[in-house]
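Read through the structure below, which is laid out as structure tokens, and then see the notes.
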Amino acid sequence: MGEAMSDEGERVNSLMSLLKRRGIIFPAFSIHGGVAGLFDYGPVGGRLLRKVQNQWREHWLSKGNIVEIDSPTITPHSVLEASGHVGAFNDHASECGSCNAIFRSDHLVEDYHSNPDSLEGPELDSIITSKEVSCPTCSGMEWLPSRPMNLMFSTIIGATGGGRQAYMRPETAQGMFLTYPMIQRHFRNRLPFGAIQVGKGYRNEISPRQGMIRQREFNMAELEYFIDPEQPPVHNLSKWDDTKFLLIPDPAGKTSESIQVTIADALEANIVRHPTVALFMAETYDFLIGIGADSSKIRFRQHESDEMAHYATDCWDLEMLGSYGWIECVGIAHRGCYDLGAHEDATKSNELRAWREFPEPVEVDKMVVAPIGSVVGPTFREHAGLVSDALLNMKNLPSNFPFELDLNDGSNVTIEEHMVEIKQVQETIRGEWFLPHVVEPAFGLDRIIWHILDHGYEMTEKQGEEYLILHLAESVAPYEVVVLPLFEKDGMNELAEQIRSKILTLRGINAYYDGSKSIGRRYARADEIGVPWAVTIDHTTTEDGTVTVRRRDDQTQIRISQEDLITHLNENSLHSLF
RNA sequence: GCGUUCGUGAUGUAGGGGUAGCAUCAGAGGUUUCCAACCUCUUCGCCCGGGUUCAAAUCCCGGCGAGCGCACCA
């Protein structure tokens, strides 16, 4: 047997067994032996996930210039090649034949090649052999041939063979980039705007660990917010003037200690380098507090320069503290124009740009060398088009005739005076096309859910017995209320059923009835799955219609009329009565 | 992927070649005037596959899964 388990380890075990026992979250496919890294949300957890997703949606949609889309999870090879995922997720691994340690092959050869990431397996192997790279662990040189480790789930589109290579998406973001033309049209071309997507992402992890922290299929929620880089949005951050955020700035920068600052000050000091990144950090914080995260267990860590993805110019992880330590739960990245540019390059599409109107149209008078079609055409025949283009693009007017003109295809022709007309044209340039920049907050919802469960999990005692309470925020609690007859007799059970039915007609309110066993046990069952309110029907209810309302977090009770109960439940204002 | 410890009802555990036991939970009934009370009854289990054996939950091998360490985690 191992040594005594740490407190955190026991806490994880205890919480996990509660989650399993009460149908919140549990390993998937367990009667078939289970699959590592895949989880079910059960009858209670399903609504928890849905409420977190909906809170997230509402949080961003309420900004007014953000829309929701939904894209396929099956994604063709070319999309992920353009986005850089095929390269990034196709690393090779080399195993040491004597000690079995595994390393990324490109890391082993990085001293011998300028761009090892681009190499194929055989090239990597030949460098490892010829340069006599030794194993960092045991110094041996008995390398097994490198193997590709593709972290994307591979699939084929089409059932009959010869289909198209595809992958399960490793992130939802590509959906927003690829539908950018429709999103832009929807917003009638006016930046800034954003699009969100909530859905599954997939990563074929080598070795999933730490429960739900590293899964193979996981719930993501991402926002892509498109902005004009030359007109950086100005955001009002005063809403957070009283909130100090815990930041750990890039150690390569000026400050490397963790600091407590307001978001406005962090932006002012250029610790956070972009106003929209700053805004989204604060908005993300608000979202997490709104679903019940503990504010003292949230911090932001800036990526070090060499850790930052190659396209990002500023990147912050939001980390949450739980039984596994500080875990990255949200990434907020300024991605520049990398993604739209990458798809533009790959497809030659011209639809991924935005139009920037100049404040004043620019009037340009210029002299041009205009080809005379009736001469140029017959003279140059199939080359006439190239000749015309080259003439119109001449930077300087010809000083004399005839002259040699270089064409785009590398050849050149002789232009004589009678072929062209030199004239003045007036051009009005009203604006220009550009690639919008993107700021992306990307949320790992399962990790966030794990942490709000962890933050809300209280192991306490009642009369010497272990007592478990899940302090879930009302905004995410799977059941908002439970209705309990004190006893299932004297009409109390019928009354309780009636009240429950009435509550169920309220929009967004979920209630269940529980009449079995003692009242204390039923409160305990409700506390375990985080039901914030318990309504109890007793003998007084049968006389005057009032009910008692019990608050989970401190187990205090008040007595109110059924009408007040319905009103306050509907307005989410039961708190105000305590 | 390597090493290691382990896998017994829904949960937590005991046992260890021949009827698998306990506690909690859950269901039914009774009792009970607000915080896991009590009584009666009930459901549910040795991860999967192969081997050894008269007999395997137990021993052996393999798989799957979990924890820990190493590695991996753009």
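Below, chains carry the letters A, B, ... as their sequence lines are ordered, and counting in each starts from 1. Note that these values count all heavy atoms, side chains included, but never hydrogens, waters or copies made by symmetry.
- You'll find that the side chain of Arg203(A) is closest to rA74(B), out of rA74(B), rA36(B), rA26(B).
- Between Ser516(A) and rG27(B) there is a side-chain polar atom (N or O) within less than 4.0 angstrom of OP1 or OP2.
- Cation-pi contact between Lys20(A) and Phe26(A): absent, since separation from the ring centre below 6.0 Å together with deviation from the ring axis within 45° is not met.
- rA36(B) sits 40 Å from rG18(B) when the C1' atoms are compared, rounded to a whole Å.
- Atom CG of Asp538(A) and atom P of rU32(B) are 17 Å apart (whole Å).
- In this structure, Gly211(A) reaches the sugar-phosphate backbone alone: every heavy-atom distance under 4.0 Å involves primed, P, OP1 or OP2 atoms, never a base.
- Listed candidates were rC73(B), rG1(B), rC35(B). Nearest to the side chain of Arg214(A) is rC73(B).
- Atom name C1', nucleotides rU43(B) and rA10(B): the rounded distance is 11 Å, in whole Å.
- Remark: the separation of the P atoms in rC34(B) and rG69(B) is 50 Å, to the nearest Å.
- Put simply, CG on Asp527(A) is 13 Å from P on rC35(B), counting in whole angstrom units.
- Taking atom CZ of Arg209(A) as the reference point, atom C1' of rG3(B) lies 11 Å away to the nearest angstrom.
- For rA56(B), there is no paired base (Watson-Crick or G-U wobble, both distances below 3.5 Å).
- Among the nucleotides rC34(B), rA71(B), rA28(B), the one closest to the side chain of Thr536(A) is rC34(B).
- Between Arg216(A) and Tyr467(A), the residue anchored closer to the 5' end of RNA chain B is Tyr467(A), taking for each the nucleotide with the nearest heavy atom.
- rU19(B): no Watson-Crick or G-U partner with both key distances under 3.5 Å is found in any strand.
- Going from the C1' atom of rC6(B) to that of rC46(B) covers 14 Å, rounded to whole Å.
- Nucleotide rC34(B) is matched to nothing when pairs are restricted to Watson-Crick or G-U wobble geometry with both distances under 3.5 angstrom.
- Candidate nucleotides rU33(B), rG65(B), rG1(B) were compared by shortest atom distance to the side chain of Ala36(A), and rG65(B) ranks first.
- Atom-to-atom, CD of Glu488(A) to C1' of rU31(B) comes out at 14 Å; the value is rounded to the nearest Å.
- Distances were taken from every side-chain heavy atom of Phe487(A) (C-beta onward) to each of rG27(B), rG1(B), rU33(B); the shortest belongs to rU33(B).
- Between His437(A) and Phe226(A), the distance separating the two ring centers is not shorter than 6.0 angstrom.
- Between Glu528(A) and Asp514(A), the residue anchored nearer the 5' end of RNA chain B, judged by the nucleotide with its closest heavy atom, is Asp514(A).
- Taking atom P in both rU11(B) and rC47(B), the straight-line distance is 13 Å, to the nearest Å.
- Of the nucleotides present, none pairs with rC46(B) by Watson-Crick or G-U wobble criteria with both distances under 3.5 Å.
- Residue Val35(A) has its side chain nearest to rG65(B) when only rA37(B), rG65(B), rA10(B) are considered.
- Rounded to whole angstrom, the span from the NZ atom of Lys517(A) across to the P atom of rU24(B) amounts to 11 Å.
- In this structure, Met220(A) places its CE atom 13 Å from C1' of rA74(B), rounding to the nearest Å.
- When the C1' atom is compared between rG51(B) and rA66(B), the two are found 26 Å apart, to the nearest whole Å.
- In this structure, of rA26(B), rU33(B), rC34(B), it is rC34(B) that holds the atom nearest to the side chain of Thr548(A).
- Between Trp450(A) and Phe218(A), the gap from one ring centroid to the other reaches at least 6.0 Å.
- Close to rA36(B), at under 4.0 Å from its OP1 or OP2, lies no side-chain N or O of Ser518(A).
- The base of rC35(B) lies outside donor-acceptor range of the side chain of Arg522(A), with no N or O pair under 3.5 Å.
- Here the rule is side-chain contact (heavy atoms from CB on, under 4.5 Å) with Leu470(A), and of Leu48(A), Asp527(A), Leu453(A), Ile529(A) only Leu453(A) fits it.
- Across all strands shown, the partner of rC2(B) is rG69(B), judged by Watson-Crick or G-U wobble contacts whose two distances both fall under 3.5 Å.
- Judged by distance alone with a 3.5 Å cut-off, a donor-acceptor contact links the side chain of Gln557(A) to the base of rC34(B).
- When only modelled atom types and interatomic distance are considered, Thr556(A) and Asp554(A) share a side-chain donor-acceptor pair under 3.5 Å.
- In the model, Glu474(A) has a side-chain atom that pairs as donor or acceptor with a side-chain atom of His575(A) under 3.5 Å.
- Note: CD (Gln463(A)) to C1' (rC35(B)) measures 8 Å, nearest angstrom.
- Both the sub-6.0 Å distance and the 45° axial angle are satisfied by Arg550(A) relative to the ring of Tyr523(A).
- A cation-pi arrangement is absent between Arg301(A) and Trp326(A), since the terminal nitrogen or guanidinium carbon is not both under 6.0 Å from the aromatic centre and inside a 45° cone about the axis.
- Of the candidate nucleotides rU11(B), rC35(B), rG27(B), rU11(B) has the atom lying nearest to any side-chain atom of Ser17(A).
- At a threshold of 4.0 angstrom between heavy atoms, the contacts of Lys462(A) include nucleobase atoms, whether or not backbone atoms are also involved.
- Residues Asp564(A) and Thr567(A) bring no donor and acceptor atom of their side chains to less than 3.5 Å of each other.
- Atom-to-atom, CG of Leu486(A) to P of rA37(B) comes out at 14 Å; the value is rounded to the nearest Å.
- Proximity of Arg521(A) to the phosphate of rA26(B): a side-chain N or O atom is located under 4.0 Å from OP1 or OP2.
- Comparing the same atom, P, in rG62(B) and in rG1(B) gives a spacing of 14 Å after rounding to whole Å.
- Atom name P, nucleotides rC70(B) and rC59(B): the rounded distance is 30 Å, in whole Å.
- Contacts of Arg22(A) with the nucleic acid, taken as non-hydrogen atoms under 4.0 Å apart, are absent.
- Within 4.0 Å (heavy atoms only), Thr540(A) reaches no atom of the nucleic acid at all.
- The partner of rU40(B) is rA28(B), judged by Watson-Crick or G-U wobble contacts that both fall below 3.5 Å.
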